[in-house]
Every structure is written in C-alpha cells, then in structure tokens.
Chemist: 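What follows is a single structure, and I will ask about it in a moment.
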Amino acid sequence: MELGTREWHEILDAAHNGILAVNRESRVIVFNRAAAELVGCVQTEAFGRRLEEIIPNTRLAEVMESGKPEYGQPLPLRERVIVTNRSPIWRAHKIIGAVAVFQDITDIEALSQELETVRRAHADLDAVIESVDDGIVVANAHGYIVRANQAYLRIAGIARDEFVGKHFSELFKQGYLNRSVSQMVLERRARVNVVDVRNGKELLMTGTPVFDEKGELSRVVTAVRDISELSELKARLAESEEKSERYYNELEHLRSRQSFRQILTKNQEMLAKVEMAFHVAKVDSTVLILGESGVGKELVAGLIHRAGSRSKNPFITINCGAIPLNLLESELFGYEKGAFTGAQKEGKPGLFELAQGGTLFLDEVGELPLELQVKVLRALQDREITRLGGSKPIRLDVRFVAATNRDLEEMVREKTFREDLFYRLNVVPILIPPLRRRKEDIPLLVNEFLRRFNTRYGLQKWITPEVMGVFMLYDWPGNIRELENTVERLMVTGREDAIGRESMEDVFSPGGLKMAEAGGLSSFQKVGHGELPEFPGQSGGTFSLPQYLKEEERRLISEAYAVAGSTRKAAALLKISQSSLVKKMQKYRVRV
C-alpha cells in the first residue's frame, strides 16, 4: 500500500528527533513537529520559507554543493546541546535537496555529568574508607563479606582474597572468625559492640545495621579498633604533655633560625648571606636572589618564607621559564568565565591569588616575556591584579621573592628587561656564591647526600678519600645540583660500598675524569692570582691534599670500627687486611 502525503507527515511528526528537508533552492519542504519544538517555530509557517530564515548555520547548502554527508556535527540552538546528521537527497544521479536530522542530547549530557558525579563520589568514599586507621568490614544481608579495608586486613592478619566474598559460616570453619559481629547485627537488627582478642590484639568491634528505603536490612558495617595501643598512646601523650610546656617557648624562639640550618655551610661569605636572609625575613620587602644555576636559590627563598610572619600561609613557586608563553598570563593572573576558548566554565584563580597572605616566589624571573613584565610590575607596585577577561581589580596581600641566574642589569641595557621592574625587584639583593668559591662546604654536602641517598635506597655507601680529593679539586660549574647528582649517580651505579676512583670511571669517561681533575686543579690555581686557597678549617693555612686525605682516612677507619665493633669486621668492611687496619689505627691513634 502506498502512503499519501498526510501519512508521511504523520510518520515524520511521530519521530522523536527533529527532521528538516529543503529543496534545491533551500526552501523548506519537510519540517516535523520535533524540529518545530527545537527551533521554537510554528510548524505550518516553516514550509516554503528559505532555510536561513528559520535556522542559521545548518550547512545544508554546503552539503548539496559538495554532495558529501556530515554526521554527528554540533549545532548551537537555543542554549541546547544539538547534534545533527546532514545528507544530500539524490534522484537519478542528481542532487535535488538535503535533509537534516536533529538530536537533542541535552538530557544525555546532564545524565553523563550526573553519572560522573556518582563515580567521583564512589571514588571519594573508597579513598575515605581506605584512609582511616580503624578496620572497616561491610557484609550484605545474606552474610557475605563484600568489602574490607586495608586497615582491617592488617589488624586481622589476613589476605583480601581469603576474606572478601566469603560467607560467615565458611570463615568460621577456616578459623578466621571466632565471633562475628556482622552476624549478630543481622540477627538482632540493631547496633552491637563486642570486645574480642585476635592475634594477640584487643579489638573493639562495633557493628551497625544499614536499612534501605523499604526498611529492609541491606548492609552491616563493622568498625574495628585496636584498643591494645590506647594505654601506650596514653602514656606517651602524658609524657609529651609534660615536655611540651618546657619546649614550647624554646621551639618558638628557634623555629625560624632552625629552618636556616638546612643550608649546610662553613663559608663565611655564605653565612653572611644566610644571616642577611634571616634579617630581611622579618619584614615584607621584596628580595631578589641572584646566583648561578644550582646554588640553592629556591632553598633560600623557602627559608625566608618560613622565617617570616607569613610562614603558616602559602608559599607559591612560579617558574617563569617553565610555563608555556600562551598559558603564562592566565596561569599567573587567572581568568574569568568565558575568557577564552577552553577556559573552565567557572573561571580560575591565578597563582598570584593562591599566594594571598603568603609568599610568591618568582623563580627564573629573567625569563618573563617583555609583554608580561608590565603586569608583574603593576602587581608589585600597586599590590593588585586583574584576571584575564575581567575588569574588577583584586587586592594582593603577598610578599614577593624573585630569583634569577641571569644578569638583569645587562638585560636592562639590552632592552630585554624593564628597568622599572628591575628596580622594583632589586630592593634587597642577595647574591649566592657558587660552590667553587666555598669549597669547604663540599665535605658537608657530600656527607649529607650520602646520608640522604643511603636512607632512600637502603644502601651503606661511603666516599673514599681519593674521590673526596677529586671533588675538592673539581670546579663544579653546575654547583650544588651537579654535586648532588654526581653523588647519587656514583652511589646507584657503583657495585661496591666504597666509592673509589674506579666508580668514577663508571660515571665519567677516563678522559673526562682526567679533565675533571685537571680542570679542578686549574680552577684552584686561578684563586688569588696563582696562589692556592686556604685549606678548610685551617685559618691562615694553605690547601694540602695529602693532609686532607689522611684526615678522611682516619675518619673512615674510626667510623668503620664504631659500626663493626671489632678490627676483623672493620677490616672486612674497609676491604683491607686486619693487620693493616691495626697499624693504621695505631698511626692515627683511633681509640679501641
């Protein structure tokens, strides 16, 4: 049976999706009820009208011209999320029109967001359950364990696959349970508290029933706490309270200065810089930290923050050279809703705002693009910023600290850095000396790195005097960062506990090692117009490598004996004979 025009219109009007068709002149020939509702147009008024008068940007004209269909294309329409499929209409190898099908996926988008919210809530719940110290067990209404957190598995001394998914009766038979709180809750349909002893631990178990909307018991949640630790904790708490009053004032007095002890140094010049940093930390003046790469500028900035009155507030670091240029402005100053394509719908605060009340550290400030230096200058000068795409200024309560390894004065002369910004930053300059000018700090730093990496990797490595001597001679163009990386590399690549010259050859090529030794010696000879520098710790003396090596050998022998407890074990640790060790101990007067 052939269908008439009326039947076809009834079929099209019954469709859930909007359907629209035009002839070759782009005049509407099909316009079903769903399309009229989406467009907000009277259905009968659409027929015969040009398409662009009803819906712009449908691209049906382009589809007729190209003859190529387009599927799944978005179409903004009355603040709704619309997806369209567009196809040409052929008759006898000739395009006579085009048809578009509109699908409203606004509800689908909302459902997707709702499902994502549920997924995140489930993930948050999992994170909360796993983060608590108390054991948590969940059983269903049929007596099966459906989940147990890691804390419970640790307290009970049981593996997850041995417990989760099992029925109470099966766990009783296998000896994992001698009393089930969950089963008691299922029987009584009420809260139950039980104290039980398991694996030598006294446990307080609290079972709570969970009912569904019909009033049926659906879950039993049991919380397990190890109360055998409470008495120990109570005693330790009493001891802590007894000491806290005595230590409080002392800790408050030493808190800020103690933080500066993280900078290991014996160098008088460096000590003076640390003292200056501590002094200016008490005020909010802008500090400019200068120095070569790897000297520890960020550490000094962090210590200035902790020593000041803003220490309990944020310390925000901005690496001006690491953020892509096209994102730098929005990352620094934030942006308002709809400021640019891809922006978050609710806008986003910048790093300047996140530092409110605290310290903002502009690392590598010399890398700031010239066009952004004006905004940074305004932030320093007026203490306010404006978000990208916004018009309302935001007041700043921030202490500024900047750092760079570049010569800003030279950049000012070359017109690559604003002069007014330079003077705003250069209120209190602190120049950190390079490692080659404070060689006496090398043993301190090496020992700290040894301690740190031995702890991190579970090692017992130590540096031989020969290697320490090479360290003292090397120029360290990469400063402390290079020294730290070198020590770590020697520790993780060396196969022996004693890091000797052969270990260095595993890291450096033989030619490179000779160049390092020769380069270090030549750098020493440059000090004082050819005079050797003073030996660390010997006021007025000159550097003596043999004397330094003897001191290191004496120290290592003393430490090895202290650790081993006998000359035989100490000799094995140092990989020398026992007789040689005894002779060296007598030579250096190491006490037995």
Side-chain angles (χ1 to χ4, degrees), residues 105-240 455-458:
I105 63 170
T106 304
D107 295 338
I108 298 176
E109 287 286 320
L111 180 60
S112 175
Q113 293 178 4
E114 187 175 338
L115 290 174
E116 178 64 17
T117 301
V118 172
R119 186 192 66 79
R120 291 179 179 175
H122 189 270
D124 291 342
L125 179 60
D126 285 343
V128 170
I129 292 176
E130 290 298 331
S131 66
V132 296
D133 291 333
D134 291 351
I136 295 178
V137 179
V138 181
N140 64 18
H142 304 291
Y144 286 91
I145 306 298
V146 296
R147 77 171 299 160
N149 69 347
Q150 192 62 38
Y152 177 80
L153 300 176
R154 173 177 51 81
I155 293 172
I158 189 174
R160 190 180 300 275
D161 56 356
E162 296 175 327
F163 190 71
V164 177
K166 303 294 181 64
H167 194 269
F168 298 148
S169 58
E170 184 179 357
L171 294 172
F172 289 146
K173 293 178 182 178
Q174 294 177 355
Y176 290 126
L177 295 178
N178 53 10
R179 186 188 304 183
S180 173
V181 176
S182 299
Q183 187 174 19
M184 295 169 65
V185 172
L186 288 175
E187 294 171 354
R188 302 179 187 181
R189 298 173 60 84
R191 186 186 182 98
V192 174
N193 292 305
V194 172
V195 177
D196 194 10
V197 177
R198 190 177 301 172
N199 296 331
K201 300 177 181 178
E202 188 176 9
L203 306 177
L204 172 63
M205 297 179 287
T206 301
T208 304
V210 178
F211 299 94
D212 59 20
E213 61 274 6
K214 297 180 181 180
E216 299 293 334
L217 195 152
S218 60
R219 292 285 189 273
V220 176
V221 179
T222 303
V224 182
R225 173 167 294 183
D226 184 358
I227 60 175
S228 59
E229 299 177 357
L230 291 180
S231 57
E232 180 184 354
L233 292 175
K234 183 178 180 180
R236 291 167 62 183
L237 178 61
E239 182 181 357
S240 299
T455 301
R456 180 184 303 176
Y457 301 129

Chemist: At their closest point, which heavy atom of E130 faces which heavy atom of A148, and how far apart are they?
Modeler: OE2-O, 4.3 Å
Chemist: Looking only at heavy atoms, which two atoms of D161 and K166 are closest? And how far apart?
Modeler: O-NZ, 3.8 Å
Chemist: Check whether any side-chain N or O of N140 sits under 3.5 Å from a backbone N or O of G143 as a donor-acceptor pair, and report yes or no.
Modeler: yes
Chemist: Would you confirm whether D212, through its side chain, and S218, through its main-chain N or O, come within 3.5 Å as a donor-acceptor pair?
Modeler: no
Chemist: Enter the distance from T222:OG1 to N193:CG here, rounded to the nearest 0.5 Å.
Modeler: 10.5 Å
Chemist: Are F163 and V137 close enough that some pair of their side-chain heavy atoms sits under 4.5 Å apart?
Modeler: yes
Chemist: Which value, rounded to the nearest 0.5 Å, describes the distance between I145 atom CD1 and R160 atom CZ?
Modeler: 12.5 Å
Chemist: Could you tell me how the ring of H167 sits relative to the ring of Y144: parallel (under 30°), tilted (30 to 60°) or perpendicular (over 60°)?
Modeler: perpendicular
Chemist: Which pair of non-hydrogen atoms, one from L217 and one from P209, has the smallest distance, and what is that distance?
Modeler: CD1-CB, 3.8 Å
Chemist: Would you say the side-chain atoms of N149 pair up with the backbone N or O of V128, donor to acceptor, closer than 3.5 Å?
Modeler: no
